[in-house]
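Working notes for the structure below.
Treat the numbers as computed from the prediction; the structure is a model and nothing was measured.
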Amino acid sequence: MSGGPRPEEHPLVLTADQMRASDRAASERLGLPSLLLMENAGRGVAELVVERVASDARQRVASGASAGLAPAGGAPGPVVVVSGGGANGGDGVVVARHLARRGVAARVLLAAPRARVSGDAAVMLAALERMGGVPIEDGEGWIDEAAWRARLAGASVVVDAIFGIGLRDDVRGVPAAALAAMNAMDAYKVAVDIPSGLDADTGRVHGVAFRADLTATMGARKLGLVLDASAPVGVLEVVELGAPLEAPAGPHARWIEAAPVFAELPRRGATAHKGSAGHLLVIAGSEGKTGAALLAGRAALRAGVGLVTLASTARGQAALDAKVVEIMTAGYSDGDDADPRESATLLAKLAGRMGAVALGPGIPTGPNMRAVVRDLASRLAVPMVLDADALNLLGTEIVRVLNITPAPRILTPHPGEMARLLGRRVDEIEADRLGVARDLASRAKAVVVLKGARTLVAAPDGTVYVNPAATGALATAGSGDVLTGLIGALLAQGMEPLAAARAGVFIHGAAGEAAGARLGSGVTAGDLPDAIAAVIQSRLQSRLQSRL
């Protein structure tokens, strides 16, 4: 159940263990010493510090604000690197050396006793001492925040290189004091690989964490940097280590990127007609809830599908007929609680002429409709997106129902709906979003879209795709209905389910960000379909121009 671009085109997002395994594999296969990887890491971070902070200084000067930095020739002013005793601290020492070579005033403060600086970090520290010109102070005795503030005073850039991806315990003692003082600084804050105190796998804070403006991570994004959109990561940049990233043992997570998404979108040729662009059946809406159906239908049209039919109850259809222009309607039940056999038969007949089905937004929730949903979900030989009330009606029976289905299914729950599907609490879902998405996708043999900031798309084989969008513009009633219509439209145009889900969540998020930039907190779900069309057109036009 995969399609579209080769999976390597969506970059890997690794756990701490996977990153270490990748580094070992690269070193062994290419014969590269770990010192060289550390050197490349530190140099890459130093370059980012110079570029990002000098740019920030120029922007402050242009705006009339205090520059904070004193750029000379485009380079930033004083930089203080706070290093630990392990590999992350070694990266920090290399950062200081390369900054000094670029003419940037740099100092190193050790948050671990000098005697405990070991391995490659000790080699790099000795090299810095032999080079000279960079003051190095041992902060072993600075057990309170005030002592660290005194040593950090005057720094316009603070680089955090205390702990790397291996941290598992709460931060205490000298490192905790250092982090508190660094966070209190009115300075540009750069984290090396990961903000110290942040768990590399979960994004949870171990007591206290560095609050970065920029995180320069090594080789690949780490799960803890991307799963929680509120993590104190700032701008995230990947630093290349000079060796190919070796894909470790799975299951893998990947970061959804624009280029492969738009490369796999269906194209309308000059001879296309409405029939060749796909037909989507949206089973949605009922009396008082026809807006959900309309939003899904409009989103589908804006996503390029040629035909949309909205199937609703009799009263729902009458209300929709008064609202729609380009969309067709159909009725499947005289009352809100459908006759299971008649309604399922009618809807199955309709679906047989369609490229895909979207089921759930605003449908009735009585026991007869539950039987209809289970019947359609289990036996329709048409790709289907299930959302909202369809998911609620399936409940904890969803795995049993979908294990016998003859065609692909995409499930799009928000955390509350996921909790009902798994029989768990919402807080349990939120505590392990990646794990529960993987679990349901595997057991239900379906693609699972777990909505939220950084929406996850999980495939049955355990691969999970992380969507970059995190915007409050989508926190509005009906935005999920828009996503259902969008994914359904891509399915109806012939995209494979996993590719349709990846593209759908990426475009939906980009549309939300674009609408938010234009309308601020006033975005409504009705603004999103037009924003979807604009995002698709803009990206495709950019790709076309890049080829001319």
Side-chain angles (χ1 to χ4, degrees), residues 1-6 9 256-284 293-311 320 323-330 349-359 380-385 407-408 410 447 481-511 514 526-548:
M1 193 175 285
S2 63
R6 298 187 309 275
E9 292 185 355
I256 302 177
E257 288 198 334
V261 162
F262 287 94
E264 65 191 352
L265 285 184
R267 304 286 193 272
R268 281 194 187 184
T271 60
H273 54 84
K274 62 185 180 182
S276 65
H279 193 164
L280 175 66
L281 175 63
V282 181
I283 304 170
L294 188 59
L295 286 168
R298 288 189 60 236
L301 288 177
R302 290 303 192 196
V305 77
L307 295 163
V308 175
T309 295
L310 300 180
L320 285 168
K323 300 176 181 178
V324 299
V325 177
E326 305 96 338
I327 298 173
M328 295 175 286
T329 68
K349 185 177 180 180
L350 274 174
R353 306 196 302 268
M354 308 293 173
V357 174
L359 171 60
L380 278 187
V382 179
M384 181 183 292
V385 186
I410 300 175
V447 174
D481 305 324
V482 170
L483 178 61
T484 298
L486 168 56
I487 295 175
L490 298 177
L491 275 179
Q493 292 174 79
M495 289 186 73
E496 292 294 324
L498 183 56
R502 281 194 307 251
V505 299
F506 185 88
I507 294 167
H508 185 254
D527 299 315
L528 296 176
D530 287 350
I532 286 168
V535 165
I536 293 173
Q537 177 60 22
S538 174
R539 294 284 187 168
L540 295 182
Q541 188 65 32
S542 296
R543 285 179 59 83
L544 177 62
Q545 290 174 349
S546 69
R547 295 175 181 175
L548 297 178

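- Taking all atoms of both residues into account, the shortest heavy-atom contact from Val382 to Ala356 is CG1-CA, 3.6 Å.
- Side-chain contact between Thr484 and Leu295 is absent, with no heavy atoms from C-beta onward closer than 4.5 Å.
- Applying the salt bridge (charged side-chain N to carboxylate O under 4.0 Å, His left out) rule to pairs touching residues 300-310 yields Arg302-Asp530, sequence neighbours excluded.
- Not counting sequence neighbours, the partners of Thr329 by the side-chain hydrogen bond (donor to acceptor under 3.5 Å, both in side chains) test are Gln317, Asp321.
- The only member of Asp527, Ile487, Leu528 that meets side-chain contact (heavy atoms from CB on, under 4.5 Å) when paired with Val482 is Leu528.
- The line from CD1 of Ile507 to CD1 of Ile532 is 8.0 Å long, rounded to the nearest 0.5 Å.
- Distance check: Leu307 CG to Met328 CE gives 4.5 Å after rounding to the nearest 0.5 Å.
- Remark: the backbone N or O of Arg268 is not paired with any side-chain donor or acceptor of Gln493 at under 3.5 angstrom.
- Residue Pro408 comes nearest to Pro497 through the heavy atom pair CB-CG, 3.3 Å, listed as atom of the first residue, atom of the second, then distance.
- Every residue two or more places apart in sequence or in another chain that forms a side chain to side chain contact (heavy atoms under 4.5 Å, CB included) with Leu301 is listed here: Val305, Val308, Glu326, Ile327.
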### Task
Evaluate side-chain contact (heavy atoms from CB on, under 4.5 Å) for Val357 paired with Leu491, printing each intermediate quantity in order.
CA-CA 8 Å; Val357 174; Leu491 275 179; over 6 Å; no

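- Gly355 and Pro383 get closest at one heavy-atom pair: O-CD, 3.6 Å.
- Residue Ala300 comes nearest to Ala489 through the heavy atom pair O-CB, 3.5 Å, listed as atom of the first residue, atom of the second, then distance.
- Scanning both residues, Glu257 and Phe506, for their nearest heavy atoms gives C-CE1, 4.1 Å.
- From Leu486, atom CG reaches atom CD1 of Ile536 across 6.5 Å, with rounding to the nearest 0.5 Å.
- Under the side-chain contact (heavy atoms from CB on, under 4.5 Å) rule, Leu310 has a single partner from Leu320, Leu280, Leu281, which is Leu320.
- Panel note: side chain Arg298, backbone Ala296; no donor-acceptor pair is recorded below 3.5 Å.
- For the pair Ser276 (side chain) and His273 (backbone), a donor-acceptor distance under 3.5 Å is present.
- Expressed to the nearest 0.5 Å, how far CG of Leu380 lies from CE of Met354 amounts to 11.0 Å.
- No side-chain heavy atom of Met495 sits less than 4.5 Å from a side-chain heavy atom of Arg502.
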